[in-house]
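First up is the structure itself, then whatever we jot down about it.
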2 protein chains.
Amino acid sequence: MAESRKSLYPSKWLSKASAGDRVACELRMRIISGEIESGSILSENKLAADFDVSRSPIREALKILASENIIRLERMGAVVIGLSEKEIEEIYDVRLLIESFVFERLVRIDTNELVMELCKILEMMKVSIKYKDADEFSYQDVLFHETIIRAANHSYILMIWNNLKPVMESFILLSMRMRLEEKYEDFARIIKNHELYIEAVKTKNRDLMIKSLHENFDDVQGKVEDLWMSQQMLSKGVIQQDEHDEQDD
Amino acid sequence: MAESRKSLYPSKWLSKASAGDRVACELRMRIISGEIESGSILSENKLAADFDVSRSPIREALKILASENIIRLERMGAVVIGLSEKEIEEIYDVRLLIESFVFERLVRIDTNELVMELCKILEMMKVSIKYKDADEFSYQDVLFHETIIRAANHSYILMIWNNLKPVMESFILLSMRMRLEEKYEDFARIIKNHELYIEAVKTKNRDLMIKSLHENFDDVQGKVEDLWMSQQMLSKGVIQQDEHDEQDD
DNA sequence: ATTATAATACTTGTATACAAGTATACTTGA
DNA sequence: TCAAGTATACTTGTATACAAGTATTATAAT
């Protein structure tokens, strides 16, 4: 049975990616969206048939997903872990941890250039909302935080970010798409929080940074939980609904 | 040219490992010891010939090392990054970060069982020193910290640890072997610091924990720097000296 | 001598083949 | 009916083959 459904992951982000990366991105989205349920067992051969590629890229994809902690490689097949509320909280723990660490570094260096860059990204985010482009908005949102983290120039913190990023990205992508449909007014608050964040970086105000970060997370975490769960419930229905407008990437 | 030198990585730790893992461990040791210099370019084909395996496990190994940030995968060949002082400091930054985070979690739960486990490991460490087994000591040292981190039951913090662990392990392994030769008295201090750490966990004394952790790191970091550099200089000579007592794993 | 072009040698990514091991199902014997 | 053993089907890890792309080198023309 070959693959011919609409992909969850934005295909234009995969322009230069290998088959392994594509498979990883798509599987990640399906796992995080809940389409592939926690506890399911993925078989290399079956996946190879489904995605219509050989086992090599599948193996690569599974290794990637295992390092991201959303699947577990066992003797027989890969067990899906997925993202429960606990994992989502944990991811935000880590983000808080590393962004706080980074901020401590930033207060000691010149951040003018960084602030400029962040403002640019914020503008992009605003435009994305204006044109209701959830994917682009997500991209810029992730880029915003990555830009801050890169500014600290700390390769091992960046390593942690790189490990976390794909899962974060998928989660944000799904949650932003959902908000666009159901909670459009949320975007204003997200923008506001990012403005506060920039202000904190500019004035090197530690408390303000923590505040904006927390509010941003509480927003994404606490308030969205219910929506998220409903989204997970919905996802299967949504996918099935999309099933007939088949369109390969 | 097939491989036939004494391996830097303890072969008994590889009992059930795949060829890819073996290659990764061995390459990691050579990179961290400085035998393979930063900036070198590794070729899949050449490595496959050197290690006398096919490209598949080599590819796997390179992916692993790239995710650990000690090599960089580029269009043509893998560029060795290695561990300079900066990277070593960064690793300890991250350890401090995650172990502090973990400690905050530990003060809220019952740590009796953990303390027991840590005492056991500490005893093991003492025995290892007594019999001058640097490799076993390193193993237990790494296990000590991993045990603490696991106790926090935080999958994403554990993920970070798992990413960091191989490089840490290699570094500790090399530095403990060196101490055994040149700085035997250091071990007493390391044991002392670990005792303090256990005490901190037992009494949930935040300051004591930070103190012991810092002293442990300053020890490994500051004081060892010069030794480390001399070790890096030495490594090539040492390897060559070992070259003639060939012994496959 | 210098530049443009072509040939070569290496690179990555993917497909496929195979060996060794492990779980599942199917016998066969009591 | 149930236990033990065997066969089968699936698993992972590794080797090998190949296509497409990229750098390097050699050659040829000016």
Side-chain angles (χ1 to χ4, degrees), chain A residues 1-4 7 9 11 13-28 36 39-68 70-81 162 166 248-249, chain B residues 1-4 7 9 11 13-28 36 39-68 70-81 162 166 248-249:
Chain A
M1 164 181 65
E3 205 34 32
S4 62
S7 61
Y9 195 80
S11 51
W13 294 3
L14 292 169
S15 56
K16 244 200 70 179
S18 69
D21 290 332
R22 285 162 199 273
V23 171
C25 288
E26 190 54 30
L27 273 180
R28 191 185 297 116
I36 299 177
S40 326
I41 289 175
L42 304 176
S43 147
E44 285 188 6
N45 288 319
K46 201 166 289 174
L47 288 174
D50 284 358
F51 282 95
D52 206 27
V53 292
S54 79
R55 265 183 60 221
S56 310
I58 299 291
R59 278 179 76 76
E60 196 192 315
L62 293 183
K63 288 259 161 73
I64 292 172
L65 299 182
S67 84
E68 292 168 6
I70 57 174
I71 70 172
R72 191 164 10 98
L73 258 31
E74 297 197 342
R75 301 132 181 269
M76 299 255 115
V79 182
V80 175
I81 298 173
N162 284 334
D248 276 352
D249 165 39
Chain B
M1 165 181 64
E3 212 22 40
S4 64
S7 62
Y9 195 81
S11 51
W13 294 4
L14 292 169
S15 57
K16 244 201 71 180
S18 69
D21 290 332
R22 284 162 200 274
V23 171
C25 287
E26 190 56 28
L27 272 181
R28 192 186 295 117
I36 299 177
S40 325
I41 288 174
L42 303 176
S43 146
E44 284 187 7
N45 288 318
K46 202 166 287 172
L47 288 173
D50 284 358
F51 282 96
D52 206 26
V53 292
S54 79
R55 265 182 60 219
S56 310
I58 298 290
R59 278 179 75 77
E60 196 191 315
L62 292 184
K63 287 261 162 71
I64 293 172
L65 299 181
S67 84
E68 292 168 7
I70 58 175
I71 68 172
R72 193 165 9 100
L73 259 30
E74 297 197 342
R75 302 127 182 269
M76 298 254 113
V79 182
V80 175
I81 297 174
N162 284 334
D248 276 353
D249 162 41

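Each chain gets a letter, A, B and so on, in the order the sequences are listed, and its residues count up from 1.
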Inset, instruction - Please check if the side chain of B/E26 supplies one atom and the backbone of B/Y9 the other of a donor-acceptor pair under 3.5 Å. - result: yes
Legend entry - Pairing residues for B/E60 by the salt bridge (Lys or Arg N to Asp or Glu O under 4.0 Å) criterion, not counting sequence neighbours: A/K63
Inset, instruction - Could you check A/V80, A/L42, A/V23, A/I71 and say which one makes a side-chain contact (heavy atoms from CB on, under 4.5 Å) with A/L65? - result: A/I71
Legend entry - Separation of atom CD1 in A/I58 from atom C1' in C/dT14, rounded to whole Å: 12 Å
Inset, instruction - Rounded off to whole Å, could you give me the CE-to-P distance for the B/M76 and D/dT25 pair? - result: 13 Å
Inset, instruction - Could you state the atom-to-atom distance from CG of B/D21 to P of D/dT14 in whole Å? - result: 8 Å
Legend entry - Backbone N/O of B/E44 and side chain of B/R55: donor-acceptor pair under 3.5 Å: no
Inset, instruction - Can you tell me the distance, in whole Å, between the CZ atom of A/F51 and the P atom of C/dT14? - result: 14 Å
Legend entry - Separation of B/I64 CD1 from B/L27 CG (nearest 0.5 Å): 10.5 Å
Inset, instruction - Rounded off to whole Å, could you give me the NZ-to-C1' distance for the B/K46 and C/dA9 pair? - result: 12 Å
Inset, instruction - Please determine if a side-chain N or O atom of A/S43 lies less than 4.0 Å away from the OP1 or OP2 oxygen of D/dC10. - result: no
Legend entry - Test item: A/R72 side-chain N/O and A/I81 main-chain N/O as donor-acceptor pair under 3.5 Å: no
Legend entry - Value in whole Å for how far the C1' atom of C/dT11 lies from CG of B/L62: 13 Å
Legend entry - Spacing of A/R75 atom CZ relative to D/dG13 atom P, expressed in whole Å: 11 Å
Inset, instruction - Side chain of B/E60 only, please: which of D/dT14, C/dT14, C/dT11 is the nearest? - result: D/dT14
Legend entry - OP1 or OP2 of C/dC10 under 4.0 Å from side-chain N/O of B/N45: no
Legend entry - Spacing of A/K16 atom NZ relative to D/dG21 atom C1', expressed in whole Å: 11 Å
Legend entry - Contacts of type salt bridge (Lys or Arg N to Asp or Glu O under 4.0 Å), residue B/E68, not counting sequence neighbours: B/R28
Inset, instruction - Mark up nucleotides 15-20 of chain D, 5' to 3', with B wherever a protein heavy atom is under 4.0 angstrom from a base atom, S wherever such an atom reaches only the sugar-phosphate, and - elsewhere. - result: BBB---
